[in-house]
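Every chain is numbered from 1 and lettered A, B, ... according to where its sequence line falls, protein lines coming before strand lines. Atom set for the values below is all heavy atoms of this structure, side chains included, hydrogens, waters and symmetry mates excluded.
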Protein chains: 2
Amino acid sequence: MIPDSTAPVGLTVDVVLLTIRSERLSVLMVERGIEPFAGSWALPGGFVLPDEDLDDAARRELEEETSIADALTHLEQLATYATPDRDPRMRVVSVAHLAFVPDLPSPVAGSDAAGARWWAADELLYGSEGVRLAFDHRRILLDGVERARSKIEYTTLAAEFVTEPFTLADLRQVYESVWGVDLDPANFRRKVLSTPGFVTDTGESQSVGRGRPAVLYRRGPATDLHPAMLRPDS
Amino acid sequence: MIPDSTAPVGLTVDVVLLTIRSERLSVLMVERGIEPFAGSWALPGGFVLPDEDLDDAARRELEEETSIADALTHLEQLATYATPDRDPRMRVVSVAHLAFVPDLPSPVAGSDAAGARWWAADELLYGSEGVRLAFDHRRILLDGVERARSKIEYTTLAAEFVTEPFTLADLRQVYESVWGVDLDPANFRRKVLSTPGFVTDTGESQSVGRGRPAVLYRRGPATDLHPAMLRPDS
DNA sequence: TAAATAGTGTCTCTGAGACATTATATT
DNA sequence: AATATAATGTCTCAGAGACACTATTTA
């Protein structure tokens, strides 16, 4: 029985799309052109269509607002946010998603949103510039960043942040940016190479300015890390 | 703007309530008295009220259907299920939750549901008796069990399954039941006692039939395990 | 040649697994 | 005494951290 006291709700998806830009963990945000929260920055997202699955909706909204859905290999559900007054217009339930992409060479151009840009996550979350975030998107972003931090511990998802082919220094930079720590290059190398299928050697190498050229790798077939990559301190 | 093409959806919560009964990981299910899926077994849950938060709804439904919400210390969001045709009546989005309780001495009596009982998770998921599960609750249960299996690796949540005071054998039995493995008692003891705040010694001991009496413990203040409790094989 | 980065080698320490041994209860 | 379970002790091995050292490039 569907009780009368059950009010209809709006269903939306939001996407925490993370990448590494200039060695900083960054997130894609869109500037809202309309009320509520006009002028504030929001996670890309929108209403789910009838008969549309959640992940399809997330990909579609990302395509509409930022046209970068192609590169999306990994998209996972993050959590659902449904505090009654999170949207002043009506009750809206948002199923947040999390995705990782490499630093995109092509500029992110939105067709729908007023403007879309990458923000360094730290700047957005802890900056003193008074950047306003729409709805409860600060909380969603916090949860997404925390999920990313823990996921790269026990999965190979860190490799989703780099463009192929990549060096071990590139991959190490991902961990250092997401975790905000420095890792020992030697120990990091040993850990990555001792995990079968994390990366595959291309045989080629690349010279990046000064220093010895680094061997180039591609993502391997492995998805999990046993044992996990350990985060310093904690 | 809220598009016209956005159909209203029903919002429900479901709860995967796990416990250990007779050394088996078990889940609380209710028998449906009405269509759809009359006679099938379903996870406890129901529609979220207007202005009600998700976790409040989960606790309320659990109380209404099984009257055991009191003992619920841990209740976490599991995932959201929104496949368009998962409910034949209308589009219903279900936010599933996960909770752990000790084996309850008092019988679980439901005021609302036709009947409520504990099922061994294995029996329900892999049994050959043809137990029918309502909606996509088999998938939700699978996800809940898998979440539980991984959560007790790196948190102290296994202790939520035992009644205080408990022996280390009791706590070990939780891991063995949830993981479906045998653990070395000596190594398990060393691991638990070397994690500060996992358990606290009561000083008392308890004789359980034959064998040397075991020291009794209570849950400690720790919530995380560093390093994690390792699952054999994998 | 100096500087910088890539890559290798080695030592130590922690912790997990295997399993022997001792302790304390019941029957 | 026999048996069962609790609790302790010991050995070994895998893996992480620290860091010295070698290799290969550019300025």
Starting at [atom1] of [X] and ending at [atom2] of [N], how long is that distance when rounded to a whole Å?
{"X": "Leu183(A)", "N": "dA16(D)", "atom1": "CG", "atom2": "C1'", "value": "12 Å"}
{"X": "Leu230(A)", "N": "dT14(C)", "atom1": "CG", "atom2": "C1'", "value": "11 Å"}
{"X": "His226(B)", "N": "dT14(C)", "atom1": "NE2", "atom2": "P", "value": "18 Å"}
{"X": "Asp182(B)", "N": "dG17(C)", "atom1": "CG", "atom2": "C1'", "value": "15 Å"}
{"X": "Leu216(A)", "N": "dG7(C)", "atom1": "CG", "atom2": "C1'", "value": "14 Å"}
{"X": "Phe188(A)", "N": "dA6(C)", "atom1": "CZ", "atom2": "P", "value": "12 Å"}

List for me each residue that meets side chain to side chain contact (heavy atoms under 4.5 Å, CB included) alongside [X], sequence neighbours excluded, and say none if there are none.
{"X": "Asp53(B)", "value": "Thr83(A), Pro84(A), Asp55(B), Asp56(B)"}
{"X": "Gln77(B)", "value": "Ala79(A), Thr80(A), Leu54(B), Thr80(B), Val95(B), His97(B)"}
{"X": "Pro213(A)", "value": "Ser205(A), Ser207(A)"}
{"X": "Arg210(A)", "value": "none"}

* Establish whether the base of dG17(D) is bridged to the side chain of Arg190(A) by a donor-acceptor pair shorter than 3.5 Å. => yes
* Given side chains that start at C-beta, do those of Leu72(A) and Leu17(A) come closer than 4.5 Å, heavy atoms only? -> yes
* Would you give a per-nucleotide map of nucleotides 22-27 of chain D, 5' to 3', where B means the base has a protein non-hydrogen atom under 4.0 Å away, S means only the sugar-phosphate does, and - means neither? => -BBBS-
* **Residue list, salt bridge (charged side-chain N to carboxylate O under 4.0 Å, His left out) with Arg132(B), at least two apart or on another chain** => none
* To do: Can you tell me which residue pairs pass the ring pair (Phe, Tyr, Trp, His ring centres under 6.0 Å) test with a partner in residues 124-148 of chain A, sequence neighbours excluded?
  => Phe37(A)-Phe135(A), Phe135(A)-His137(A)
* Structure fact -> Residues pairing under ring pair (Phe, Tyr, Trp, His ring centres under 6.0 Å) where one sits in residues 181-211 of chain A, two or more places apart or in two chains, turn out to be Tyr175(A)-Phe188(A)
* To do: Assess whether salt bridge (Lys or Arg N to Asp or Glu O under 4.0 Å) is satisfied between Arg59(A) and Glu63(A), documenting all intermediate values.
  => CA-CA 6 Å; Arg59(A) 285 197 155 81; Glu63(A) 178 65 31; over 6 Å; no
* Classify the nucleic acid contact of Pro185(A) as base, sugar-phosphate or nothing, counting any heavy atom under 4.0 Å across all strands shown. => nothing
Polar atom pairs between nucleotides 19-21 of chain C and protein, under 3.5 Å, N or O only, would you list them?
none

* To do: Could you list all the side chain to side chain donor-acceptor pair (under 3.5 Å) pairs where at least one residue sits in residues 16-29 of chain A, not counting sequence neighbours?
  => Arg21(A)-Asp103(A)
Donor-acceptor list for residues 152-162 of chain B side chains, cut-off 3.5 Å, not counting sequence neighbours:
residue: Glu153(B); atom: OE2; partner: Arg231(B); partner atom: NH1; Å: 2.9
residue: Thr155(B); atom: OG1; partner: Lys151(B); partner atom: O; Å: 2.6
residue: Thr155(B); atom: OG1; partner: Leu157(B); partner atom: N; Å: 3.2
residue: Thr156(B); atom: OG1; partner: Ala222(B); partner atom: O; Å: 2.9
residue: Glu160(B); atom: OE1; partner: Thr73(B); partner atom: OG1; Å: 2.5

* Determine: side-chain N/O of Lys191(A) to OP1/OP2 of dG15(D), distance under 4.0 Å, yes or no. => no
* To the side chain of Arg189(A), which of dA6(D), dA16(C), dG7(C) is closest? -> dG7(C)
* Sub-4.0 Å heavy-atom contacts from residues 164-181 of chain A onto DNA chain C, ordered by number -> Ala169(A), Arg172(A)
